[in-house]
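One structure is given below, encoded as structure tokens.
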Amino acid sequence: MYMHRTLYGKITLILLMLFFAIAALNTVWTLFITRSYIDEANQELNRNLARYLVTSEFSGPEAVIDNASLKKSFEMLMSINPNIELYLLDTEGKVVAYSAPPGKRIKEQVPIEPVRTYISGRKGLPIRNKDPRNPGSLKVFSAAPIPLDGPAVGYLYIILSGEEHDSVMDLLQTSYIARLSIWVWASALLFLFVTGLVLFNHLTRRHRQLTEAVESFRRSDFRIPVTLPETSGGKASDEIDMLGEVFSDMSRRIIDQISDLENSDVQRRELISNISHDLRMPLAAIQGHLETILLKGSSLGDGEKTERIEMALKQAERLGRLVSELLELSRLESPGLDVKAEPFSLAELVQDIVQDFKPAAAEKGIELTILQEKIPAVSGDIGLVERALQNLLDNSIGYTTEGGSITVGMESSGPDVLVKVTDDGIGISPEDLPHIFERFYRGRGESGRVGSGLGLAIARRIIQLHGSDIEVTSTPGEGATFTFTLPVSS
Ligand code: ADP
């Protein structure tokens with residue numbers, strides 16, 4: 001990975017540029033301050049130099065500017081302190097006499113305003129002015145009027161720093177303070193830079209780990225969830241931890257959804273093949289009977305003809321039932337369906353249904369009873385609940401052998417009414433038990449009953465629409481019990 005593409009790389013680059021900028025600014029500032037400080041100290045120390053020279057060289061009320069005698073005293077002074085340059089200015093700032101070595105070109109005029117300001121003492125030091133020998137640079141100076149009191153006829157103007165400190169390197173070489181200050185700053189910045197790098201490395205490491213985890217999730221084709229070693233188990237302590245947890249949750253959700261989608265695709269294909277199979281069987285039977293009648297025609301006896309027509313009719317009825325059950329289930333499973341819940345008496349409903357099933361039960365010699373304590377009215381869609389109960393009873397009669405018994409029990413259970421349909425029929429094998437509510441699933445038990453495999457799926461969906469679920473317990477050979485609850489109407 002290229003350095004500048006990583007977050008850490010970017011932070012390092014920004015930090016580096018920032019520190020270089022600070023270092024550069026600081027160097028310029030330190031040099032400026034040091035130079036000002038040196039100049040100020042120099043000017044302050046020599047504040048009285050010009051005054052002193054004027055007192056000693058231009059004493060007396062008749063202070064006349066005499067070039068020849070001046071030159072002599074200038075040369076004498078310069079030999080004492082070669083760092084100073086002396087100039088005699090008239091009141092306009094014109095250089096009248098000076099102490100420079102011969103041959104060196106000098107500027108004839110210096111601005112007089114800074115000289116006057118300096119003498120008046122109105123402004124803080126350093127005050128700089130033109131150096132006649134180096135007209136391009138400004139220097140600190142000492143100055144005094146001639147004579148010291150009374151109207152000035154000229155000024156003694158002393159450039160203090162000579163030609164030193166003209167460059168930054170000069171200043172750095174000469175000023176210990178400047179060097180020290182720059183070193184201290186450079187070390188502080190270096191320390192900050194290194195600390196910053198270590199800190200950012202620590203912070204971005206977790207960010208990097210997170211990115212790698214998400215990347216490996218993508219590489220796994222969204223199949224292996226994001227796992228974060230540092231946060232797993234612990235509580236999120238900051239935004240990166242939180243981001244990690246959210247990613248981890250999200251990855252699990254994505255995996256679940258992908259597998260749901262895949263499952264539902266498999267289910268859809270299974271469903272289509274089941275439906276086709278279930279529709280084809282009765283259709284083939286009908287076709288077979290009709291073809292026999294057509295081909296054999298008059299050679300078929302009346303009895304057999306009627307029998308075949310009756311069998312074809314039975315298959316047609318089965319087909320019709322299958323199609324209407326399919327339609328019913330698909331309607332119940334449509335997402336926009338809303339249950340019209342209203343209060344009704346479950347006891348009365350069960351009474352009516354049991355009444356309807358009595359003849360079918362009696363045909364098989366099955367005893368059908370209601371076991372009921374006093375129960376309150378329940379809330380639900382009476383038509384749908386009736387359908388669910390019919391499917392359960394239809395199964396119980398279908399899977400109970402001759403002479404068996406079936407009970408429908410109802411009892412209060414907290415905020416609900418518990419409904420129990422129990423039979424002592426053939427029961428359900430443990431292998432079938434987890435699947436019997438699936439669409440088209442038919443148990444392997446020998447019952448002789450030809451069902452569609454949709455009855456329990458419909459019943460369960462109805463009860464689920466009422467916010468509950470159907471449960472089943474069974475011992476093979478001893479019977480089965482189906483239980484569900486309905487809410488008491490408030
Ligand atoms: P079917 O049309 O086959 O009855 P259902 O969805 O109603 O379809 O039931 C699914 C399967 O559950 C049945 O094939 C049967 O094996 C089993 N089953 C349902 N009710 C009972 C019961 N009361 N006793 C034993 N087995 C049952």
Side-chain angles (χ1 to χ4, degrees), residues 267 270-271 273-282 285 314-315 317-333 350 353-354 356-358 360-361 363-371 384-409 418-465 469-484:
Q267 277 176 9
E270 262 176 21
L271 185 69
S273 100
N274 282 337
I275 293 174
S276 316
H277 179 256
D278 279 48
L279 292 179
R280 219 180 28 229
M281 289 253 292
K314 225 176 182 165
Q315 291 297 340
E317 273 168 17
R318 190 181 158 206
L319 203 61
R321 209 168 46 239
L322 187 68
V323 171
S324 66
E325 276 181 354
L326 262 175
L327 279 175
E328 192 180 3
L329 188 61
S330 103
R331 191 176 64 85
L332 287 170
E333 282 179 348
V350 169
I353 298 170
V354 165
D356 292 344
F357 276 92
K358 274 263 157 76
E363 220 171 89
K364 281 180 89 174
I366 294 171
E367 196 188 353
L368 189 53
T369 43
I370 300 175
L371 211 77
L384 291 181
V385 175
E386 180 180 15
R387 183 78 172 108
L389 276 166
Q390 278 171 342
N391 285 5
L392 292 182
L393 274 176
D394 190 42
N395 280 348
S396 293
I397 292 171
Y399 297 108
T400 302
T401 38
E402 303 241 338
S405 68
I406 299 167
T407 30
V408 184
L418 188 75
V419 184
K420 241 187 215 176
V421 179
T422 311
D423 64 59
D424 57 3
I426 62 169
I428 306 159
S429 71
E431 303 88 66
D432 288 340
L433 209 57
H435 303 290
I436 56 168
F437 292 104
E438 290 167 14
R439 297 189 204 104
F440 293 106
Y441 189 86
R442 257 177 241 141
R444 276 154 278 182
E446 281 300 315
S447 67
R449 186 184 130 96
V450 191
S452 63
L454 292 173
L456 281 184
I458 291 173
R460 165 178 254 185
R461 181 69 193 146
I462 289 173
I463 301 305
Q464 280 174 343
L465 284 171
D469 207 349
I470 297 192
E471 274 159 26
V472 59
T473 51
S474 173
T475 313
E478 287 179 21
T481 301
F482 290 83
T483 344
F484 66 88

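Numbering of ligands and ligand atoms starts at 1, following listing order. The shown structure was predicted, so the numbers you read here are calculated from the model rather than taken from an experiment. We number each residue from 1, following the sequence as shown.
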Per-pair distances, 0.1 Å, donor-acceptor, side chain in residues 452-464, under 3.5 Å, sequence neighbours excluded:
from	atom 1	to	atom 2	distance (Å)
Ser452	OG	Glu325	OE1	2.5
Ser452	OG	Leu454	N	3.2
Arg460	NE	Asp469	OD1	3.1
Arg461	NE	Leu332	O	2.9
Arg461	NH2	Leu332	O	3.4

- prompt: Taking atom 24 (N) of ligand 1 as the point of reference, which of Phe440, Tyr399, Phe482 owns the nearest heavy atom?
  reply: Tyr399

query: Does Asp423 come within less than 4.0 Å of ligand 1, judged by its heavy atoms?
result: yes

query: Quick check: does any side chain N or O of Ser474 sit under 3.5 Å from a backbone N or O of Gly479, one acting as donor and the other as acceptor?
result: yes

message: Is Gly425 close enough to touch ligand 1? Criterion: a residue heavy atom under 4.0 Å from a ligand atom.
response: no

query: Are any of the N/O atoms in Gly443 less than 3.5 Å from those in ligand 1?
result: yes

query: At a 4.0 Å threshold, what atoms of ligand 1 neighbour a non-hydrogen atom of Ile428?
result: 25 (C), 26 (N), 27 (C)

query: Taking Lys420 for the side chain and Thr481 for the main chain, is one N or O donor matched with an acceptor at less than 3.5 Å?
result: no

message: Using modelled atom types and a 3.5 Å cut-off, is there a donor and acceptor pairing between side-chain atoms of Asp424 and backbone atoms of Ser405?
response: yes

- prompt: With side chains defined as the heavy atoms from C-beta onward, is the minimum distance between Leu279 and Val323 less than 4.5 Å?
  reply: yes

query: Within the distance-only criterion (no hydrogens, no angle test), does the side chain of Ser324 pair as donor or acceptor with the backbone N or O of Arg321 below 3.5 angstrom?
result: yes

field: Flag side-chain contact, heavy atom, 4.5 Å: Leu389 against Val419
entry: yes

query: Which is closest to atom 12 (O) of ligand 1 in terms of heavy atoms, Leu393, Val472, Ile436, Asp394?
result: Ile436

query: Where the closest heavy atom to atom 19 (C) of ligand 1 is concerned, which of Asn395, Thr400, Ile458 has it?
result: Asn395

- request: Going by heavy-atom distance to atom 2 (O) of ligand 1, choose the closest among Ser452, Gly455, Ala480.
  value: Ser452

query: Using a heavy-atom cut-off of under 4.0 Å, does the side chain or the backbone of Phe437 touch ligand 1, or both, or neither?
result: neither

- prompt: Quick one: which ligand 1 atoms are inside 4.0 Å of a heavy atom on Tyr441?
  reply: 10 (C), 11 (C)

message: Restricting to non-hydrogen atoms, name the atom on Arg331 and the atom on Leu384 that form the minimum distance, rounded to 0.1 Å.
response: NH2-CD2, 4.3 Å

task: Could you tell me which atoms of ligand 1, counted from 1 in the order shown, lie closer than 4.0 angstrom to a heavy atom of Gly427?
output: 25 (C), 26 (N)

